[in-house]
Amino acid sequence: MRKKVPVAEEWAALTYQVFDVIVEGDFTQRQKVLAQAIGEEDDFIKIVKQTPVGADFDLPATLKTVEDEGGEGIMLRNRTSVYETKRSASLLKVKSFHDSEMT
């Protein structure tokens, strides 16, 4: 996407991945609003699949599977959390490597 001369085939493969919506309510309620707002997915708009997990969730094994399939990591969210426009303890990124963010 950062090429000086765009390649149409590469742009055609681009999708918009939606994982949350800014409305009142907890995460479960927001997911229902999101599904209603988007309706049927198409070739360009996709709702990111999110899977509820329980106490028996095997984080290391799932993380390894995600990374083996080319993913960077896993996002863990508290289902009862409200939407926040900042970093939050209710949404955590888990990955097996360290990186840095700086200005």
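Sequential numbering from 1 along the given sequence is applied to the chain's residues. Quick caveat: nothing in here was measured; it's all calculated off a predicted structure.
Under the 4.5 Å side-chain heavy-atom criterion for Ile, Leu, Val, Met, Phe, Trp and Tyr, Leu63 and Phe57 are members of the same hydrophobic cluster. Note on Val82: it does not cluster hydrophobically with Val23, by side-chain heavy-atom contacts below 4.5 Å among ILVMFWY residues.
Grouped by direct or indirect side-chain proximity (heavy atoms under 4.5 Å, Ile/Leu/Val/Met/Phe/Trp/Tyr only), Phe19 sits with Val48. Using a 4.5 Å cut-off between side-chain heavy atoms of Ile, Leu, Val, Met, Phe, Trp and Tyr, Leu91 falls into a hydrophobic cluster with Met75. Under a 4.5 Å side-chain heavy-atom criterion applied to ILVMFWY residues, the cluster that includes Tyr83 comprises Ile22 as well.
Counting all heavy atoms, side chain and backbone alike, Gly73 lies closest to Lys95 at CA-CB, 4.2 Å.
Annotation: side chain to side chain donor-acceptor pair (under 3.5 Å) contacts of Glu67 (sequence neighbours excluded): Ser96. Listed by chain and residue number, Asn78 satisfy the side chain to side chain donor-acceptor pair (under 3.5 Å) test with Thr80 (two or more places apart in sequence, or in another chain). Applying the side chain to side chain contact (heavy atoms under 4.5 Å, CB included) rule to Ile45 yields the partners Val18, Ile38, Asp42; only residues at least two apart in sequence or on another chain are considered. Remark: Asp43 engages no residue in a side chain to side chain donor-acceptor pair (under 3.5 Å) (not counting sequence neighbours). Applying the side chain to side chain contact (heavy atoms under 4.5 Å, CB included) test to Asp58 and every residue at least two apart in sequence or in another chain returns Pro60, Ala61.
Between Lys64 atom NZ and Glu69 atom CD the span is 10.5 Å, to the nearest 0.5 Å.
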Sequence neighbours excluded and cut-off under 3.5 Å, please list the side-chain donor-acceptor pairs for residues 5-15, or say none.
residue: Glu10; atom: OE1; partner: Lys3; partner atom: NZ; Å: 3.1
residue: Glu10; atom: OE2; partner: Lys3; partner atom: NZ; Å: 2.7
residue: Thr15; atom: OG1; partner: Gln17; partner atom: NE2; Å: 2.7

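Counting only residues at least two apart or on different chains, the salt bridge (charged side-chain N to carboxylate O under 4.0 Å, His left out) pairs with a member in residues 18-37 are Asp20-Arg30, Asp20-Arg77.
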